[in-house]
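One structure below.
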Amino acid sequence: MVFVYLLQTFHQLSGINVIVLYSGHLARQAVPEITEEIPLIINGVKIFMGLCGTLLLKKYGRRFMMLRGQAIIFCCLFGLFIGFAANQP
């Protein structure tokens, strides 16, 4: 049970919910000429990758996926930070 609480805590602390919630706004801010369909495509990719993650979880196990996933989330969020910080006047 402790593992479940820690998993949700790390999920919240990683900031991924903010990225998912504001993905449409972030996409429009990064590429102003973006259309309204892009957030739908982003959510479709999210569902597809969730299914791929399930298959990878069966193949490689939880520990490997958790450690690699957290590292990838950190790199992506850091990249977003650098990208948006560079655009500030």
According to a hydrophobic-cluster definition based on side-chain heavy atoms being under 4.5 Å apart (Ile, Leu, Val, Met, Phe, Trp, Tyr only), do L57 and F64 belong together? yes
Would you say I73 and L80 are hydrophobically clustered, going by side-chain heavy atoms of ILVMFWY under 4.5 Å? yes
Rounded distance [0.5 Å steps], CZ in R63 versus CZ in R68: 9.0 Å
Could you tell me the separation between the CG atom of L51 and the NZ atom of K46, rounded to the nearest 0.5 Å?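 Between L51 CG and K46 NZ, I get 12.0 Å after rounding to 0.5 Å.
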In this structure, are over 12 heavy atoms from other groups packed under 6.0 Å from F84 atom CZ?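 Enclosed.
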Remaining members of the apolar cluster that contains F74, side-chain heavy atoms under 4.5 Å: none
